Protein chains: 2
Amino acid sequence: MHRETTLEEVAERAGVSRQTVSNALNAPHKLHERTLGHVREVIAELGYRPDARARGLRTNTSSLIGYCLPSDDVAGSVNAVMDQYLHALSVAIERTGRHLLLFTRATHGSELEVYRELLAAHSVDGFLLSDIRTHDPRPQWLAERAVPFVSFGRTGDEQQRGPWVDVDGAAGADQAVRHLVHGGHTRIGFLGLPAGNRVGDDRARGWLRACAAAGLGDCERMLVHCADEHHDNGDSARRALALPESPTALVAANDALALGSYAACAERGLRIGEDIAVIGFDDSPTATKVHPALTSLRQPVEHIAQRLVARLDSAEPGGELYEPELVVRASSAP
Amino acid sequence: MHRETTLEEVAERAGVSRQTVSNALNAPHKLHERTLGHVREVIAELGYRPDARARGLRTNTSSLIGYCLPSDDVAGSVNAVMDQYLHALSVAIERTGRHLLLFTRATHGSELEVYRELLAAHSVDGFLLSDIRTHDPRPQWLAERAVPFVSFGRTGDEQQRGPWVDVDGAAGADQAVRHLVHGGHTRIGFLGLPAGNRVGDDRARGWLRACAAAGLGDCERMLVHCADEHHDNGDSARRALALPESPTALVAANDALALGSYAACAERGLRIGEDIAVIGFDDSPTATKVHPALTSLRQPVEHIAQRLVARLDSAEPGGELYEPELVVRASSAP
DNA sequence: GACCTTCATGTGAACGTTCAAACCGCCAAG
DNA sequence: CTTGGCGGTTTGAACGTTCACATGAAGGTC
């Protein structure tokens, strides 16, 4: 790795002082137009970029935002579209001249210890929290230390600390139910995540609310919680289909559970999109690949990423909630 | 963001000099056991961590490795299992005391410009390249500048610059074919990526080789290239099934194409796992969720991540090739 | 006892940048 | 002719660390 150009060298070459070059970069209005133009030329000519470490040391910043990758076994609202989400996030952060620094959950010790270490080392300026759990301690902990951060998701606490952005899962499920009711369905089941999961509970709430609003009677019996989200493979759908008042439509808390119902339906000889309707959640890439294509609720991933970054910088507490969009495909046909 | 502890403060508190504390961290053998123990106590007590920027400035490092996120529309061998891969990579890098810095492809200008800027700013120590394309210019460019890097994938060039690790796609497809031949199949089609795609071509090559080795005659006619990987939705499978010598088994260049064949088969009244066998590639999370579950080739993601980091640091050119593992499920039953 | 060696610790400088303050020339006001 | 102010530029110091070297004590050899 060979030596790189420094600010001093640029200054010498341009026949000005260090500080003038520094100002050309950070406070161009302070320079005479003539000088500015000349300095910029030299900068371009030498391909100069200020050393991020030196600048960070002096200004006490790092231009890095920490992002904790979810372990494979954790399931949040983003997992299915993680790559899209991460890409959108990275683009949004780069627009502000910063980058994402990835890290993972510690395998031992406190979850917060990693956050502490990154802050103590000044490796990051702040954090972007995802996969927020019920009563997640991180927002509180960070807010107490006045660390800039923003949460994607809600803790469910009355007064959530710090800014947040979330997808209105209830509104999404509500949309799905209304679509089904419009299609003539009256027995609509719900495949939920294990109780206590904020995302799952939120979506279930919307389903229940919409069913009640549509006057579908006692729907609560049609709620099935999966035992293990990752190894369900249709088990919850099987239980739902075996209910006394067999549902003619299923809304699932995510696409994986919805796909599970494909197997369960096949076993009972039910044709999806004809004998029974299925609607998923998250609009994962597979939704279009399966047969019949899966109707699902698409999260406005890019917009959320933009809003997250905006709120990270504004730092005002409080949140924003965005509705997912129902993407109708063949699986919800009848 | 409040003031953090500095090395100087630790030194004062421990009653030693700066350098002694520095040595306690970087060269513990230089200290008397008694002193070392004491200094470490104070460090733990104050929760001290050396400032990453100051250290980096002095040692001319950043402890950051750049990783370019693939745009959603690019399809490499990892896309389907991107989250697993990224997590494994991050864990492996963290074991060496570094972190991943994410960035994205520039929307304008040269692809390499972003790499240049990150290097000029000393934002990263090196790069981890993924989604290597045929004749990808990056290995060459980085090697010329003596920048540490490692590639996940091959450029296909005779003498690929720098270290690399890859999955032996040909061997994987070979395994799939042998499995099918063992099951009695003689007409085995291949759903390929657009010609020119290294990953796709590699996998197709293995399929062809294995068919020839099994004496299945003129197989080449049973190769179908999809036009657009992301919007294929069964088109290539439809073409394959419409071939004069209709295949009794399909091997796909990735799981998405394999899933497409589910729709195509259903349209023809073919039951997968009974009338026709299907094998995918990458073992994406959906493989277990669809019905029937998809037989697929699993990449040794974690091992690859470990080897990538190891070769990044050893910097010896040349490569390592790992075989994927055939995970047999219901779709390849007959 | 003079000298060299070894080991443990301390001191000044440097990495490349930005901050705070000083400087300089110029013009307007008194 | 002095004074004050202002836009534009330069200078010294500082951010927190590690490097290279200096120092000093203890021990061994002649």
Side-chain angles (χ1 to χ4, degrees), chain A residues 1-40 42-43 46-64 97 117-123 125, chain B residues 1-40 42-43 46-64 97 117-123 125:
Chain A
M1 197 139 47
H2 63 103
R3 285 272 292 99
E4 290 288 347
T5 319
T6 85
L7 188 140
E8 191 99 45
E9 284 163 29
V10 175
E12 193 176 356
R13 177 93 161 233
V16 297
S17 72
R18 263 176 331 181
Q19 188 61 32
T20 302
V21 180
S22 178
N23 284 339
L25 295 163
N26 304 316
H29 62 275
K30 288 190 180 172
L31 295 200
H32 192 107
E33 197 170 339
R34 189 177 60 234
T35 327
L36 180 59
H38 179 50
V39 171
R40 281 192 169 150
V42 177
I43 288 179
L46 298 180
Y48 168 75
R49 298 225 102 197
D51 186 305
R53 304 160 305 185
R55 165 179 277 179
L57 179 58
R58 188 61 246 237
T59 60
N60 200 26
T61 58
S62 70
S63 298
L64 256 26
E117 291 179 2
L118 286 169
L119 286 172
H122 289 281
S123 291
D125 289 340
Chain B
M1 196 141 48
H2 63 103
R3 284 273 291 99
E4 291 287 348
T5 319
T6 85
L7 188 140
E8 190 99 45
E9 286 163 28
V10 175
E12 194 177 355
R13 176 93 162 233
V16 297
S17 72
R18 261 176 332 180
Q19 188 62 33
T20 301
V21 179
S22 178
N23 284 338
L25 294 163
N26 304 316
H29 63 275
K30 288 189 178 172
L31 295 201
H32 194 106
E33 197 168 339
R34 187 178 61 234
T35 326
L36 180 59
H38 179 51
V39 172
R40 281 192 169 150
V42 177
I43 288 179
L46 298 181
Y48 168 74
R49 296 226 104 196
D51 185 305
R53 305 159 304 184
R55 165 180 276 179
L57 180 57
R58 186 63 243 235
T59 60
N60 201 26
T61 57
S62 70
S63 298
L64 257 27
E117 291 178 2
L118 286 169
L119 286 172
H122 288 282
S123 291
D125 290 340

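All values below were derived from every heavy atom in this structure, side-chain atoms included, with hydrogens, water molecules and symmetry-related copies excluded. Everything quoted here is computed from the prediction, not taken from an experiment. Proteins come first, then strands; the chains are lettered A, B, ... in the order of their sequence lines, and each starts at number 1.
Scanning atom types as modelled, one donor and one acceptor separated by under 3.5 angstrom connect the side chain of A:R58 and the base of C:dT18. One donor-acceptor pair, N or O on each side, does fall under 3.5 Å between the base of D:dG12 and the side chain of A:R18. No N or O donor and acceptor, one from the side chain of A:R34 and one from the base of D:dG8, sit under 3.5 Å apart.
Rounded to an integer number of Å, the gap from CD of B:Q19 to C1' of D:dT17 is 9 Å. Atoms CD (B:E8) and P (C:dA13) sit 15 Å apart, rounded to a whole Å. At whole-Å resolution of the value, NZ in A:K30 and P in D:dC6 are 15 Å apart. Rounded to whole Å, the distance from CG on B:D51 to P on C:dT17 is 17 Å. In this entry the distance linking NE2 of A:H122 with P of C:dT17 reads 20 Å, nearest Å. Between the C1' atom of C:dT9 and the CG atom of B:L31 lies a distance of 9 Å, rounded to the nearest Å. The CZ atom of B:R55 sits 22 Å away from the P atom of C:dA14 (whole-angstrom rounding). The nearest whole Å value for the distance from the CG atom in A:L25 to the C1' atom in C:dG16 is 13 Å.
Comparing B:V16 and A:L7 by the nucleotide of DNA chain C that holds the closest heavy atom to each, the one mapping nearer the 5' end is B:V16.
Comparing C:dT18, D:dT18, C:dT9 by their closest approach to the side chain of B:S17 singles out C:dT9.
When the options B:R55, B:R49, B:R53 are evaluated for a salt bridge (charged side-chain N to carboxylate O under 4.0 Å, His left out) with B:D51, the one that passes is B:R53.
Taking only side-chain nitrogens and oxygens, A:T35 comes nearer than 4.0 Å to OP1 or OP2 of D:dT9. Between B:N26 and D:dT18 there is a side-chain polar atom (N or O) within less than 4.0 angstrom of OP1 or OP2. Side-chain nitrogen and oxygen atoms of A:S22 include at least one within less than 4.0 Å of the OP1 or OP2 phosphate oxygen of C:dT18. For D:dT17, the OP1/OP2 oxygens have a side-chain nitrogen or oxygen of B:Y48 closer than 4.0 Å.
The distance from atom CG of B:D125 to atom CG of B:L119, rounded to the nearest 0.5 Å, is 9.5 Å. Between B:Q19 atom CD and B:L7 atom CG the span is 8.5 Å, to the nearest 0.5 Å. How far CD1 of B:I43 is from CZ of B:R13: 12.5 Å, rounded to the nearest 0.5 Å.
Looking at A:V16 and A:V42, their side chains never come closer than 4.5 Å, going by heavy atoms from C-beta outward.
Counting any heavy atom pair closer than 4.0 Å across all strands shown, B:T20 reaches sugar-phosphate atoms only and no base atom.
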